[in-house]
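Structure record follows, encoded as structure tokens.
Predicted, not measured: the structure shown is a model, and the values here were computed from it.
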Amino acid sequence: MDKNKPAGPLRDGRLSVAGVLFDIDGTLTRTNELIFATFNFIATRYCGRTYEPREIIALFGPPEEGALLPIVGEERLDAAMDDLCEFYSSHHHAMAALHAGMGDVLAFLKGTGIPLGVFTGKGRRTAKITLEALGIAGYFDLVVSGNDVVRHKPDPEGIGKFIGAFSLSPAEVLMVGDAVGDITASRGAGATSVAVLWDSYDRDRVARAGADFVFEEVSGFLSWLKRDVRYVPGGA
């Protein structure tokens with residue numbers, strides 16, 4: 001499915017884009033299995049129990065410290081975070097991957113000369129692990145993690161940081177994500193929302209959330225980027 005609705009300034013019949021922001025988990029990467037396993041490793045070690053995926057998903061929003069605090073308590077939080085990052089890093093190769101075709105998307109966009117960024121709810125440490133382990137850290141001019149904002153998704157603060165860092169027009173920024181929070185944050189920032197459904201854990205709600213553009217497959221997203229978008233390095 002490729003739902004194209006007018007959004008942002010159009011030039012020559014194409015959408016003008018001066019910058020692109022990506023979510024990580026479920027958008028760039030297939031990491032949900034690793035996230036669930038890591039969380040349950042900590043829950044088992046510190047609390048002697050495990051959580052269902054839906055219970056873990058309900059804790060998404062703040063970075064890992066915020067999710068762990070009610071589980072392990074403040075006194076054990078630093079140790080739990082070290083254990084979490086060690087497990088996450090050591091199991092990354094076996095349990096996580098870049099979505100097929102996303103390397104081509106990033107390479108194409110990098111060649112346009114516009115700034116690329118990440119806005120993720122992941123903490124700074126796990127975001128760095130994933131971007132480096134999958135060899136894509138060098139594509140991004142700015143990484144806004146859950147530790148870099150006061151107000152997490154669906155608040156648009158992180159998108160605002162990207163817009164401000166490169167002096168961009170909000171309507172010429174794409175926010176690409178797989179969650180309703182990404183769409184809501186885009187709307188709040190005045191950016192153009194791109195919902196992707198290839199690995200969304202809440203795909204039905206995301207599909208109905210009113211994103212400006214919706215894509216089922218990476219290949220369709222890349223074709224759209226090549227065909228229907230005009231790139232404006234440096235903004236309008």
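- Leu106 is listed as a side-chain neighbour of Leu28, based on a closest heavy-atom distance under 4.5 Å.
- The side-chain heavy atoms of Asp104 and Val218, taken from C-beta on, include no pair separated by under 4.5 Å.
- Ala18 and Pro115 get closest at one heavy-atom pair: O-CD, 3.1 Å.
- Using a cut-off of 4.0 Å between Lys/Arg side-chain N and Asp/Glu carboxylate O, Arg230 and Glu172 are scored as not salt-bridged.
- The shortest side-chain heavy-atom distance between Asp23 and Lys153 falls under the 4.5 Å cut-off.
- In this structure Asp199 satisfies the side-chain hydrogen bond (donor to acceptor under 3.5 Å, both in side chains) test together with His99, sequence neighbours excluded.
- Electrostatic pairing of Arg187 and Asp212 does not count as a salt bridge here, judged by no charged N lying under 4.0 Å from a carboxylate O.
- For Leu109, the side chain to side chain contact (heavy atoms under 4.5 Å, CB included) partners at least two apart in sequence or on another chain are Val20, Phe22, Val105, Leu116, Leu225, Tyr231.
- Scanning all heavy atoms of the two residues, the minimum distance from Pro62 to Ala67 falls at CG-N, 4.5 Å.
- Separation of atoms CG (Leu134) and OG1 (Thr31) is listed at 8.0 Å; rounding is to 0.5 Å.
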Original post:
Yes or no on salt bridge (charged side-chain N to carboxylate O under 4.0 Å, His left out) for Arg125 and Glu86, after CA distance, side-chain angles and deciding distance?
Top reply: CA-CA 10 Å; Arg125 294 170 69 180; Glu86 194 282 327; over 6 Å; no
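- The minimum heavy-atom distance linking Ser16 with Val232 is given by the pair CB-CG2, 4.0 Å.
- What you find for Gly123 and Asn147 is that their closest heavy atoms are CA-OD1, 3.2 Å.
- The pair Lys110-Asp141 meets the salt-bridge criterion, with a side-chain N (NZ, NE, NH1 or NH2) lying under 4.0 Å from an Asp/Glu carboxylate O.
- Atom CE of Met81 and atom CD of Glu64 lie 5.0 Å apart (nearest 0.5 Å).
- Phe39 pairs in a side chain to side chain contact (heavy atoms under 4.5 Å, CB included) with only one of the listed residues (Thr50, Leu68, Leu84), which is Leu68.
- For the pair Trp198 and Met102, the minimum side-chain heavy-atom distance is below 4.5 Å.
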Original post:
Under the side chain to side chain contact (heavy atoms under 4.5 Å, CB included) criterion, do Phe41 and Tyr88 qualify, and how do the steps go?
Top reply: CA-CA 10 Å; Phe41 168 75; Tyr88 187 85; over 6 Å; no
**OP:** Check the pair Ile114, Val17 against side chain to side chain contact (heavy atoms under 4.5 Å, CB included), reporting the backbone distance first and the verdict last.
**Re:** CA-CA 8 Å; Ile114 64 172; Val17 171; 4.0 Å; yes
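- By the 6.0 Å and 45° rule, Arg49 stacks over the aromatic ring of Tyr51.
- Residues Gly146 and His152 come closest through the heavy atom pair O-NE2, 3.1 Å.
- Using a 4.5 Å cut-off on side-chain heavy atoms (C-beta onward), Phe221 and Phe213 make no contact.
- A donor-acceptor pair is defined here as one N or O able to donate and one able to accept, closer than 3.5 Å; such a pair exists between the side chain of Asp148 and the backbone of Ser145.
- In this structure, CG in Leu197 is found 8.5 Å from CG in Asp178, a value given to the nearest 0.5 Å.
- A salt bridge links Asp83 and Arg45; the closest N-O separation between the charged side-chain nitrogens and carboxylate oxygens is under 4.0 Å.
- Using modelled atom types, no side-chain atom of Ser89 and backbone atom of Cys85 make a donor-acceptor pair closer than 3.5 Å.
- Considering every non-hydrogen atom in both Ala195 and Val206, the closest pair reads CB-CG1, 3.8 Å.
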Subject >> Trace of the side chain to side chain contact (heavy atoms under 4.5 Å, CB included) decision for Asp228 with Leu15 >> reply: CA-CA 6 Å; Asp228 294 335; Leu15 181 72; over 6 Å; no
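- In this structure, Thr29 contributes its side chain and Ile24 its backbone to a donor-acceptor pair below 3.5 Å.
- Distance CZ/Phe87 to CG/Leu34: 7.0 Å, rounded to 0.5 Å.
- Outside the 6.0 Å centre-distance limit, the rings of Phe162 and Phe119 are not counted as a close aromatic pair.
- Among Thr126, Thr38, Thr130, the single residue meeting the side chain to side chain donor-acceptor pair (under 3.5 Å) criterion with His92 is Thr130.
- Residue Phe60 holds its CZ atom at 5.0 Å from CD1 of Ile35, rounded to the nearest 0.5 Å.
- Here the side chains of Asp182 and Ser193 are not in contact, with every heavy-atom distance at 4.5 Å or above.
- Side-chain contact check for Lys122 versus Lys128: every heavy-atom pair is 4.5 Å or farther apart.
- Atoms CG and OG1, from Asp25 and Thr120 in turn, are 5.5 Å apart once rounded to the nearest 0.5 Å.
- A 4.5 Å side-chain heavy-atom check between Glu157 and Val144 finds every atom pair outside the cut-off.
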**OP:** Could you walk me through whether Tyr46 and Ile71 pass the side chain to side chain contact (heavy atoms under 4.5 Å, CB included) test, one step at a time?
**Re:** CA-CA 8 Å; Tyr46 285 83; Ile71 306 300; 5.7 Å; no
